[in-house]
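Counting convention: from 1, in listed order, for ligands and their atoms alike. Just so it is clear, the model here is predicted, and its values are computed rather than measured.
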Amino acid sequence: MTSFSEFTSLCVKIESVPGSLEMTDIFAAFLKEADDDELAVSCYMIMGEIFPAWTGKKLGLGPNLLYSALSKAAGISPEKIQILLRQTGDVGETTCQALGDDKKSQSTFSSFLTDDGNEESSSKSGRLSIRDVYDRLKEIADVSGKGAQSQKIKTLQFLFSESSPEEAKYISRIALEELRIGIGEGIVRDSIAKAFDVPVSLVEFAFMVTNDLGQVAVVSKTGGVGALEKQHIRVDRPVKMMLAQVTNSIETAFTELGEAAIEWKFDGARLQIHKNGDDVRLYSRRLEDVTDSLPDVVQTVLSSVTAKDAVLDGEAVAIDENGKIRPFQDILRRFRRKYDVETTSHNIPIHVNLFDLLYADGESYIEKPLTERRNKLSGIVKAGAKGISVDELTITKDPEKAAEIYHAALNAGHEGIMIKNPSSPYSPGKRGKNWLKKKPVMDTLDLIVIGGEWGAGKRKNKIGSYVLACYDDVKNVYLEIGRVGTGLSDELLDSLTEQFADLIEAEDGVMMKIKPEVVFEIAFEEIQKSPNYPAGYALRFPRLVRVRDDKTIEEIDTIEKVGRMYQGQKETN
Ligand code: AMP
């Protein structure tokens, strides 16, 4: 059994090394020693997560709740916690200091205190096992209904009071899903391969189809290569969506692909459909289960998909009574709807445009070429069905033909076109060159909000501007790249201020630190090199295009993409 104190030492060690290779070595060594029932849990927690990716579940704990628990466990006032937060600017450090250095002034645990107040802290080290912490955090995520808040606080309080200040530092960071010690999925994948001596490519494959690195670790250890090879897509488990890269021009795309499959790029919301006999489950781009919000789509799938079992990929769009597309926000309203589902489904009908097939009638299709997947897809969806269709696909070598389709898509109110490699497999979670997207030139980046500033004058009591960051997907950290304060209507400012209210982690004067959870699509004129931001780049004239509630924080644009866009900009200037 591994203690949480050993896990804490692991985190400290990983934080102290700069490179991913060293991190891989350290984590691989840890995995080698871990018991079988700790393997999966270690993989989730080292990435600051509790649930495997396929569940789409998050801990969803607000900072205020954590501060209440901390205040109680440490026996210090909420005001004092706020002061510490302002001083340290970090939840973990605040927890550590509240439970450690400030102990002398506490009353709650005074009976344990020795002369210098520190012995008790260190004697607590090692009381909790890694599973204890995991199970309690999972309990926090699962409790709901009446009394849930106080139950959550109690559980956290228990964890804090049973751990040393340093352990508690990491518990806090995991509880807020902000561990960020530099380990992302890529490093965990490599560590599994190294620890159990199996090829990285096989671990990658197993991860793509199971969407669960914890499970892959267990399979690698217990069954090795043979068991990894047997992993496959399942109808009850969503996999990450295949994604597209931007192409600057249709011509460039054809130079890269030669022959290409062209489809409209629908302006809606991604939908992964799992049909298992009469049971249909629908998953959003973030892999949230949205089945209950879309009963009409469930019925449509049941009546028009002829395969018994299938995993389908497509884009759901909201339409009006004439079948014309409605704004993007309308479809999101449908996806999030928990009440009045029937009425809303009547008011905002949906049409699903299917464009891919991952699995059908017991057979996996992801390894097969796009053309073959599409043939099968057309064969299992009734033609002319209401509310669902297989989108039109044109295979051509002619950029002119693609340009025609592009203009037709824009005229119909859609975003542009997708230019796909006809012989490519379906690669879950990959944003590669096999799918290229062409939209009208307006450069945008999807960035995460990590902070904000209270407004003044007309914007008093509202968050008037937002601090934005891009993602370093290797190290799993966010890098600040600038701020946005324009493109925000009064109405939007109000709703955003409300949305962010429970995500504020710390305030310092007018500035605040925000729990990274909300994605902004930001338009800008130019990317510039800048020493002023940790990203090393800044955006000229940024403005908010829309709030991307359909995107997860792992999906925001990477520092690597910002760099590529900067280079591209230099080449076209
Ligand atoms: P973006 O959201 O800009 O990264 O563009 C990729 C998204 O376009 C996908 O995640 C889908 O939701 C959407 N999309 C619309 N039409 C298609 C299509 N024909 N093929 C693939 N993705 C599409």
Side-chain angles (χ1 to χ4, degrees), residues 238-248 253 257 260-273 282-288 290 312-319 325 328 331-332 334-335 350-358 366 370-371 373-374 377-378 381 388-395 402 405-406 408-410 412-422 424-447 470-471 473 519-523 545-558 561 564-565:
V239 291
K240 291 189 179 161
M241 314 272 180
M242 182 163 174
L243 298 166
Q245 268 186 22
V246 181
T247 178
N248 288 336
L257 295 179
I262 315 294
E263 295 166 357
W264 281 11
K265 184 175 189 311
F266 302 98
D267 193 10
R270 191 81 175 257
L271 198 61
Q272 195 175 100
I273 302 172
L282 306 171
Y283 300 97
S284 72
R285 181 183 173 121
R286 307 168 67 140
L287 306 188
E288 283 161 330
V290 290
L312 311 160
D313 191 3
E315 185 90 348
V317 296
I319 49 170
I325 177 152
F328 173 74
I331 187 76
L332 286 194
R334 284 293 321 268
F335 269 54
I350 285 182
H351 187 94
V352 180
N353 297 286
L354 295 170
F355 50 72
D356 224 314
L357 173 81
L358 285 72
I366 59 167
L370 173 64
T371 42
R373 300 200 303 275
R374 288 292 302 237
L377 179 62
S378 301
V381 180
I388 198 165
S389 54
V390 177
D391 78 351
E392 212 173 303
L393 170 136
T394 308
I395 295 189
I405 302 172
Y406 176 60
L410 294 180
H414 289 286
E415 279 192 293
I417 49 170
M418 302 291 298
I419 307 173
K420 299 180 177 174
N421 178 348
S424 62
Y426 188 99
S427 316
K430 288 274 150 344
R431 192 186 286 285
K433 286 205 183 313
N434 285 330
W435 284 18
L436 299 169
K437 56 186 175 189
K438 169 72 188 131
K439 303 196 258 188
V441 194
M442 177 184 69
D443 276 340
T444 63
L445 281 169
D446 293 324
L447 300 170
C470 59
Y471 187 43
D473 58 344
V519 180
F520 277 8
E521 184 176 338
I522 300 289
V545 181
R546 54 191 177 186
V547 182
R548 293 296 304 253
D549 285 331
D550 60 323
K551 288 206 171 183
T552 59
I553 58 176
E554 289 82 12
E555 275 190 280
I556 62 164
D557 283 320
T558 57
K561 171 161 174 193
R564 260 193 288 125
M565 280 171 98

query: What residues form a side-chain hydrogen bond (donor to acceptor under 3.5 Å, both in side chains) with Ser389, not counting sequence neighbours?
result: His351

- prompt: Sequence neighbours excluded, which residues qualify as side-chain hydrogen bond (donor to acceptor under 3.5 Å, both in side chains) partners of Lys437?
  reply: none

field: Pair Tyr426-Asn434, side-chain donor/acceptor within less than 3.5 Å
entry: no

Geometric class of the His414/Trp264 ring pair [parallel <30°, tilted 30-60°, perpendicular >60°]: tilted

message: So, taking the atom named NZ in Lys265 and the one named CH2 in Trp435, what distance separates them when rounded to the nearest 0.5 Å?
response: 10.5 Å

- request: For ligand 1, list the protein residues that place a heavy atom within a distance below 4.0 Å of one of its atoms, sorted by chain and number.
  value: Glu263, Trp264, Lys265, Phe266, Arg270, Arg285, Glu315, Phe355, Asp391, Met418, Lys420, Arg431, Trp435, Lys437, Lys439, Arg548, Lys551

- request: Could you pull out all residues at least two apart from Arg564 that satisfy side-chain hydrogen bond (donor to acceptor under 3.5 Å, both in side chains)?
  value: Glu560

